[in-house]
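One structure is given here, and the rest of the page talks about it.
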2 protein chains.
Amino acid sequence: MTRSTLDRRTAQKAERRSAIVDAARELIDERGGPVFGVDELAERADVSRRTVFNHFPSLDDLFLTVCEDALAVVVDDFLARIARTPLREGSRSAMFDEIATAMHDADLPAAIATILRILGGSSPAKDHKSPLSDAAFSRVTDRLLAEVLRRHPAADPLEAELLVESLMSGVVVIARHWVELTGGRLDADARATWQDLLTRLLGSVRNGYLPAT
Amino acid sequence: MTRSTLDRRTAQKAERRSAIVDAARELIDERGGPVFGVDELAERADVSRRTVFNHFPSLDDLFLTVCEDALAVVVDDFLARIARTPLREGSRSAMFDEIATAMHDADLPAAIATILRILGGSSPAKDHKSPLSDAAFSRVTDRLLAEVLRRHPAADPLEAELLVESLMSGVVVIARHWVELTGGRLDADARATWQDLLTRLLGSVRNGYLPAT
DNA sequence: TGCATCCAGTGCAAGATTGCACCTAGTGTA
DNA sequence: TACACTAGGTGCAATCTTGCACTGGATGCA
């Protein structure tokens with residue numbers, strides 16, 4: 001019965017790691033961008049400067065983790081919406097419809113804006129912007145695909161993967177367009193722009209995925 | 001400026017230590033005595049069983065620390081009362097009076113009852129009862145003496161030490177008598193008994209310490 | 001008496017954090 | 001150009017925690 005904490009060592013290591021990630025997110029939020037040094041971060045996380053590099057090979061890796069965590073919050077909501085959606089197993093378009101509905105309802109622009117702020121916003125245009133956001137979004141894709149396959153065990157895995165993959169890559173594309181058009185603002189106008197882009201994306205994917213009715 | 005935390009290593013070690021002490025006190029309070037194993041304690045403190053023995057050579061040492069901590073709470077109050085007492089530097093009996101007043105007001109029976117519970121109360125009479133309580137009270141003596149010397153820098157150190165030492169050893173004596181008489185109860189009757197014993201002690205010490213007026 | 005069981009306490013090696021010295025690239029400045 | 005200064009990142013030894021195997025004494029029981 002001593003196994004209530006599965007390996008204290010692992011647990012405490014995870015604690016330190018998330019302390020670092022939390023501290024980084026705090027600082028980023030406070031300053032509108034990743035404008036702080038390792039020493040500052042280490043002190044905020046109540047951790048040695050060396051320990052930061054023990055957990056993350058570089059600050060960019062840390063920022064990637066922060067990105068993923070920020071996205072994860074929205075994706076949790078996203079997947080929860082799908083989970084609450086009634087299951088229509090017989091329907092051919094069930095998978096598409098439930099994802100599309102969740103995408104319309106979820107607050108994706110907020111997540112994208114957060115990522116932009118993490119990566120430096122519209123200001124000093126760090127060159128690693130693309131790889132970082134790509135990596136973050138790819139984890140989202142994995143989670144979404146897993147959830148879809150869980151809900152539709154009878155579905156063709158290849159078909160599901162193609163659907164999710166094309167939807168998510170489409171989201172990345174329209175996200176970049178959206179940032180280009182709005183600068184990452186979150187006002188009503190920008191949100192309307194997002195809905196426009198999203199509708200066009202969903203329409204396009206639906207056309208490719210489902211036979212025209 | 002990185003020295004805001006004076007040596008993180010030391011700080012975290014102290015954290016672990018007090019986590020163990022706190023867990024021990026919790027368990028003692030819950031069960032009315034030190035009736036638990038090391039594994040239970042370690043799990044409660046979220047610490048490895050081995051770490052307990054890294055900080056405390058034996059469980060008795062741990063219990064002593066818990067004793068001291070419990071007493072320290074009351075002694076803090078005790079010293080605070082003295083500190084709030086107006087200083088009468090010229091008076092010969094100032095030192096005695098301020099201690100005597102604080103002793104009358106402080107809730108010493110509660111502290112003694114706590115220690116008794118820690119040591120097993122009136123039940124299975126562990127043999128190490130005396131050394132433990134002696135050690136705990138001796139730390140109280142040190143703190144009290146230091147405070148007295150701080151307040152009366154002009155006083156004769158030997159005189160002050162004799163006063164404090166005889167008062168505290170007297171407290172230990174009447175505490176044992178009090179336990180004998182009342183069994184460590186905390187009702188009005190037992191408290192009256194305590195006040196009786198204390199008055200007799202203070203009178204006796206005053207007679208020896210101050211010339212009869 | 002012999003045996004099993006429990007529990008405080010120890011020895012030890014592996015993992016993790018820490019502090020410190022050090023390296024290196026980029027940047028400002030005379 | 002030369003110099004200094006900052007800040008990310010690494011090597012390394014010391015320290016601490018942890019898990020595990022183990023000892024030894026106390027207790028219970030046949």
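All figures in this text were calculated on a predicted structure; none of them were measured in a lab. Letters A, B, ... are given to chains in the order of the sequence lines, protein chains preceding strands, and every chain is numbered from 1.
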Exercise. Considering all heavy atoms of both residues, which atom of A/I20 and which atom of A/V52 are nearest to each other, and what is their separation?
Worked result: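 In terms of heavy atoms, the two residues are closest at CD1-CA, 3.9 Å.
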
Rounding to an integer number of Å, can you tell me how far [X] [atom1] sits from [N] [atom2]?
{"X": "B/N54", "N": "D/dA14", "atom1": "CG", "atom2": "C1'", "result": "16 Å"}
{"X": "A/E43", "N": "C/dG19", "atom1": "CD", "atom2": "C1'", "result": "15 Å"}
{"X": "B/R9", "N": "C/dC20", "atom1": "CZ", "atom2": "P", "result": "10 Å"}
{"X": "A/D46", "N": "C/dT17", "atom1": "CG", "atom2": "P", "result": "13 Å"}
{"X": "B/E40", "N": "C/dA8", "atom1": "CD", "atom2": "C1'", "result": "14 Å"}

Exercise. Step by step, would you call A/H55 with A/V47 a side-chain contact (heavy atoms from CB on, under 4.5 Å)?
Worked result: CA-CA 11 Å; A/H55 283 275; A/V47 143; over 6 Å; no

Exercise. Where along residues 13-20 of chain A does a heavy atom come under 4.0 Å from DNA chain D, residue by residue in number order?
Worked result: none

Pairing residues for [X] by the side chain to side chain donor-acceptor pair (under 3.5 Å) criterion, not counting sequence neighbours:
{"X": "A/R200", "answer": "none"}
{"X": "A/D105", "answer": "none"}
{"X": "A/D77", "answer": "A/R81"}

Below 4.0 angstrom from OP1 or OP2 of [N], is there any side-chain N or O of [X]?
{"X": "A/H55", "N": "C/dT17", "result": "yes"}
{"X": "B/Q12", "N": "C/dT18", "result": "yes"}
{"X": "B/S48", "N": "D/dG19", "result": "yes"}

Pick out the pairs of N or O atoms, protein on one side and nucleotides 6-12 of chain D on the other, that lie under 3.5 Å.
{"unit_1": "D/dG8", "atom_1": "OP2", "unit_2": "A/V38", "atom_2": "N", "d": "3.2"}
{"unit_1": "D/dG9", "atom_1": "OP2", "unit_2": "A/L59", "atom_2": "N", "d": "3.0"}
{"unit_1": "D/dG9", "atom_1": "N7", "unit_2": "A/R49", "atom_2": "NH2", "d": "2.4"}
{"unit_1": "D/dG9", "atom_1": "O6", "unit_2": "A/R49", "atom_2": "NH2", "d": "2.9"}
{"unit_1": "D/dG11", "atom_1": "N7", "unit_2": "A/R50", "atom_2": "NH2", "d": "3.2"}
{"unit_1": "D/dG11", "atom_1": "O6", "unit_2": "A/R50", "atom_2": "NE", "d": "2.8"}

Problem set entry | Side-chain H-bond candidate by donor/acceptor type, B/D61 with B/S58, under 3.5 Å | yes

Exercise. Do you see a donor-acceptor pair shorter than 3.5 Å between the side chains of A/E98 and A/H152?
Worked result: yes

Exercise. According to the salt bridge (Lys or Arg N to Asp or Glu O under 4.0 Å) rule, which pairs have a member within residues 190-199 of chain A, sequence neighbours left out?
Worked result: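 Those involving residues 190-199 of chain A are A/D107-A/R191.
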
Exercise. Do the charged groups of B/D22 and B/R44 touch, with an N to O distance under 4.0 Å?
Worked result: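 Judged by the 4.0 Å cut-off on N to carboxylate O distance, B/D22 and B/R44 do not form a salt bridge.
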
